[in-house]
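Throughout, protein chains are lettered first and strands after them, A, B, ... in sequence-line order, and every chain is numbered starting at 1.
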Amino acid sequence: MSHRADIVPLREAIDLVDHKVNLLGVIVEFGFPRKSMGTGIWDSPFLSSFFNRLHQVVQVFNYVCVLKIVDDSHQKPEISVNIFAKNLDELPRVLGHGDLVHLSRVVMKVCDGEVFAVFNKMFSSFALFQGKASNNLNPYQVSSRFCHEYQDDMLISHLRAWLLNFQLDAGSSEYLRSLKDIEAGKFFDLICKVLYVYEASKDEWILFVWDGTDTPPLSLETKLEDEVEKPLPLNFESFTLPRETLCTFPRVGTILRVVPRAYEKLELHFKDSNHWVKFRNISCQVCSGLWYGILMPNSKVRLLSNEDDFVIKCRRNYDDRVSAKVGRLPLSFNPHYCCVTVTDNENLPYMTLMEILTYSEVTAKFKSVVRVVAACPWRAERFFRSRVGMRSHKIRFTLEDPTARIHAYLFAEDGMEFFEGFPPIDVLTNKRNRLLGIIEGGTCKGENVLRNPPWVECCIKSYYKHKNDCWGSRRFRIFGTRLVS
DNA sequence: TTGGGG
């Protein structure tokens, strides 16, 4: 025999501040479960100093997760529900767009005019249900103390029916940015597809996200002398993703690496990749000339449907881009300013570096628009070596475009063509500086060199070094390209 | 008693 009160519509719950209520809502947004800031019961300055030692002992940290919910009676503003638990695993793991949450005995609170619900781990309980597309009345996750009541089934079905005609969308925001418009250190919202979640190590995760646009090119400032000992990395991550994984990714548009700060077991939220999501209040930074995103403790997620207006717009923009003749060219590339190199392979189609990396054949020829972000050796006088009286070029360039970085070698006759023979060292230095975007006189021995490499067109050939390991020994070299004087 | 808020 149950003594539980009925589920209260959100519109009524708002007026029941300090009351325990039962709610059923659609989850429109959530924060990843994380450690709470603590109970802060010794926060008063007097008590804090008086119980200085006790302070650290008594402070209680729980795990917390914030859901935002709506129902058919109330949509704006979305109602926050703060859920606390002793363990991470006891917090809700929202799996799908528009999933439902049943909350029992949560307390309505008000602060600064905002009404929200608080889940008390001593007496509240929750259950998560699939969203509108489902007829399943069994929850996919329940907290302790939750007990299923058959009279709730009708309300779950009712809410799902209401959802069929309700546009549960990404929500517009003034902070929404595409990857092409991001700025370091600024907070922004991003609508993107989560392509992959990688466990770098225990509690260290990297999300690979994509929105079909290109992150802006960055200036670099590294010691060029370091290129031998500590070369510019090819990826943000310290490992190389297997080619099979790369092949599942889109070939055009930047795949931004996003790292979580202060979260654990993030992978549980992205069991199925290829979800479209809106991240709210994320940030980005630059490392080794590569962009990366940061999920902050106060970042939020909205799981989106594939029919969401914003998602449709992203996909349409991408489809338009790749079907255009210039679809493979970086978004920030302006052909009117590309006059550093010329190539003599008119009929080779443009490809992104990601297309080159994932190309089905080991050996092939490509044409790309890239930036030369590093050279090894670095000094122009070492660009060629002497061997038994013969002079020959051998340089390893690091090329990047919005999709990837690769090493590409310049050898022998290709080097002759590239530099127009063996010009005097000062001429060669000037050529190098133009290629790497180094401002004249900007090189200081032993110090970081600021450079902003221009987009250059070049022909790239893939080859292998060992016949018994073609893919493993695959390399790239530049050919058919000339630096313009 | 822990949140949020760009």
- How long is the line joining CD of Glu29(A) and C1' of dG4(B), in whole Å? 11 Å
- Query: Distance check: side-chain N/O of Arg280(A) vs OP1/OP2 of dG5(B), anything under 4.0 Å?
  - Reply: yes
- Phe239(A) CZ: over 12 foreign heavy atoms closer than 6.0 Å: yes
- Does some side-chain heavy atom of Asp401(A) sit less than 4.5 Å from a side-chain heavy atom of Met354(A)? no
- Residue-level proximity of residues 86-96 of chain A to DNA chain B when a heavy atom falls under 4.0 Å: none
- Task: Decide yes or no, distance alone: a donor-acceptor N/O pair under 3.5 angstrom between the base of dT2(B) and the side-chain of Asn82(A).
- Result: no
- Query: For Ile83(A) and dG4(B), what is the distance between atoms CD1 and P respectively, to the nearest whole Å?
  - Reply: 12 Å
- Task: May I ask you to evaluate whether Lys68(A) reaches the phosphate of dG3(B), defined as a side-chain N or O under 4.0 Å from OP1 or OP2?
- Result: no
- Message: Just so I know, are the side chains of Arg251(A) and Arg328(A) near enough to count as touching, which here means a heavy-atom distance under 4.5 Å?
- Response: no
- Separation of Phe119(A) atom CZ from dG4(B) atom P, in whole Å? 16 Å
- Message: The criterion is side-chain hydrogen bond (donor to acceptor under 3.5 Å, both in side chains); which residues satisfy it with Thr215(A), sequence neighbours excluded?
- Response: Thr254(A)
- Give every residue pair that meets the ring-ring contact (aromatic ring centres under 6.0 Å, His included) criterion with at least one member in residues 278-297 of chain A, sequence neighbours excluded. Phe236(A)-Tyr292(A)
- Query: What is the distance, rounded to the nearest whole Å, between atom CE of Met296(A) and atom C1' of dG3(B)?
  - Reply: 16 Å
- Item | Residues Asp308(A) and Arg302(A) bridged, charged N to O under 4.0 Å | no
- Which part of the nucleic acid, if any, lies within reach of Phe116(A) when heavy atoms closer than 4.0 Å are counted: base, sugar-phosphate only, or nothing? base
- Task: Give Glu114(A) one of three labels, base, sugar-phosphate or nothing, depending on what nucleic acid heavy atoms sit under 4.0 Å from its own.
- Result: base
- If each of Ser36(A) and Asn298(A) is mapped to the nucleotide of DNA chain B with the nearest heavy atom, which maps nearer the 5' terminus, i.e. the 5' end? Ser36(A)
- Item | ring centroid sep under 5.5 Å plus plane angle under 30, Phe61(A) with dT2(B) | no
- Test item: Glu227(A) and Thr398(A) side chains (from C-beta on) under 4.5 Å apart, heavy atoms: yes
- Item | Length of the line joining Lys109(A):NZ and dG4(B):C1', which is rounded to integer Å | 16 Å
- Task: Output the single nucleotide from dG3(B), dG4(B), dT1(B) whose closest atom is nearest the side chain of Asp112(A).
- Result: dG4(B)
- Query: Taking CD1 from Ile69(A) and C1' from dG3(B), how many angstroms apart are they, rounded to a whole number?
  - Reply: 15 Å
- For the pair made of CZ in Phe123(A) and P in dT1(B), what is the distance, rounded to whole Å? 11 Å
